[in-house]
A.B. asks: 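Okay, here's the structure, questions in a sec.
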Amino acid sequence: MVPSEHYDTTGEALEEIRSESIPIYSVELTDDAENFQKIKYPEKIALVFGHEKLGVGKDILKESDKKIFVPMRGKKESLNVANCATTILYEVTRGLS
């Protein structure tokens with residue numbers, strides 16, 4: 001079971017996460033994003049996955065400690081957010097076992 005909480009805004013959630021000194025990693029294609037497979041993930045981490053079409057908002061990206069991406073082959077530049085989350089969550093938890 002994964003505990004969950006509800007916040008009215010992403011900003012409120014990030015504020016709570018910051019107060020607990022948990023790093024925030026946003027998954028987005030940006031010039032400074034790092035390949036998700038080349039990162040050593042901390043034990044506690046907050047992952048932000050963006051809107052299916054709009055991605056992660058610029059205000060959220062500014063609050064992020066790191067931006068990461070899933071490299072792709074071919075002409076497509078984006079991956080369904082559910083598939084992306086599955087891929088990244090597997091990589092994050094793989095390093096914890």
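Residue numbers run from 1 in the order of the sequence given.
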A.B. asks: Evaluate the side-chain proximity of Y41 to I68: yes if any heavy-atom separation is below 4.5 Å, no if none is.
C.D. replies: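 Contact flag for I68/Y41 side chains = yes.
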
A.B. asks: If you measure from NZ on K66 to CD1 on I24, what distance do you get to the nearest 0.5 Å?
C.D. replies: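 One finds 13.5 Å between NZ of K66 and CD1 of I24.
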
A.B. asks: Between the side chains of E91 and R94, is the shortest nitrogen-to-carboxylate-oxygen separation below 4.0 Å, so that they form an ion pair?
C.D. replies: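 Here R94 pairs with E91 in a salt bridge, since their nearest N and O are under 4.0 Å apart.
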
A.B. asks: Which heavy-atom pair separates I60 from S26 by the least distance, and what is that distance?
C.D. replies: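 It is CG2-OG, 4.0 Å.
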
A.B. asks: Should we count CD of E15 as having more than 12 external heavy atoms under 6.0 Å?
C.D. replies: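 Open: at most 12 neighbouring heavy atoms sit under 6.0 Å from CD of E15.
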
A.B. asks: Keeping D65 on the side-chain end and Y25 on the backbone end, is there a donor-acceptor pair under 3.5 Å?
C.D. replies: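 Here the side-chain-to-backbone pair does not exist.
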
A.B. asks: For residues I17 and F49: do they belong to one hydrophobic cluster (side chain heavy atoms under 4.5 Å, members Ile, Leu, Val, Met, Phe, Trp, Tyr)?
C.D. replies: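 Per the 4.5 Å side-chain linkage, I17 and F49 are not co-clustered.
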
A.B. asks: When you group the ILVMFWY residues by side-chain heavy-atom contacts below 4.5 Å and let the links chain together, are F36 and V81 in the same group?
C.D. replies: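 Same cluster.
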
A.B. asks: How long is the span from the NE2 atom in H6 to the OG atom in S4, to the nearest 0.5 Å?
C.D. replies: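 Going from the NE2 atom of H6 to the OG atom of S4 covers 10.5 Å.
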
A.B. asks: For residues I39 and V92: do they belong to one hydrophobic cluster (side chain heavy atoms under 4.5 Å, members Ile, Leu, Val, Met, Phe, Trp, Tyr)?
C.D. replies: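 Looking at the clustering, V92 is in the same group as I39.
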
A.B. asks: Is there a side-chain contact between V27 and V48 (heavy atoms, below 4.5 Å)?
C.D. replies: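 Sidechains of V48 and V27: no contact.
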
A.B. asks: Mind running side chain to side chain contact (heavy atoms under 4.5 Å, CB included) on F69 and E28 for me, showing each step along the way?
C.D. replies: CA-CA 6 Å; F69 74 98; E28 188 61 71; over 6 Å; no

A.B. asks: If I compare all heavy atoms of Q37 with all of N35, which pair ends up nearest, and what's the gap?
C.D. replies: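 So the two residues come closest at N-OD1, 2.8 Å.
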
A.B. asks: Contact between I88 and Y90 at the side-chain level, heavy atoms closer than 4.5 Å - yes or no?
C.D. replies: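 The answer is no; the side chains never approach within 4.5 Å.
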
A.B. asks: Please determine if E34 and K67 form a salt bridge, counting it only when a charged side-chain N lies under 4.0 Å from a carboxylate O.
C.D. replies: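 Not counted as a salt bridge, because no side-chain N and carboxylate O are separated by less than 4.0 Å.
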
A.B. asks: Same cluster or not: are M72 and L89 linked, directly or through other Ile, Leu, Val, Met, Phe, Trp or Tyr residues, by side-chain heavy atoms under 4.5 angstrom apart?
C.D. replies: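 In one cluster with M72: L89, yes.
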
A.B. asks: Is a side-chain donor or acceptor of R18 paired with a backbone partner of E63 at a separation under 3.5 angstrom?
C.D. replies: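 Yes, because the side chain of R18 sits within donor-acceptor range (under 3.5 Å) of the backbone of E63.
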
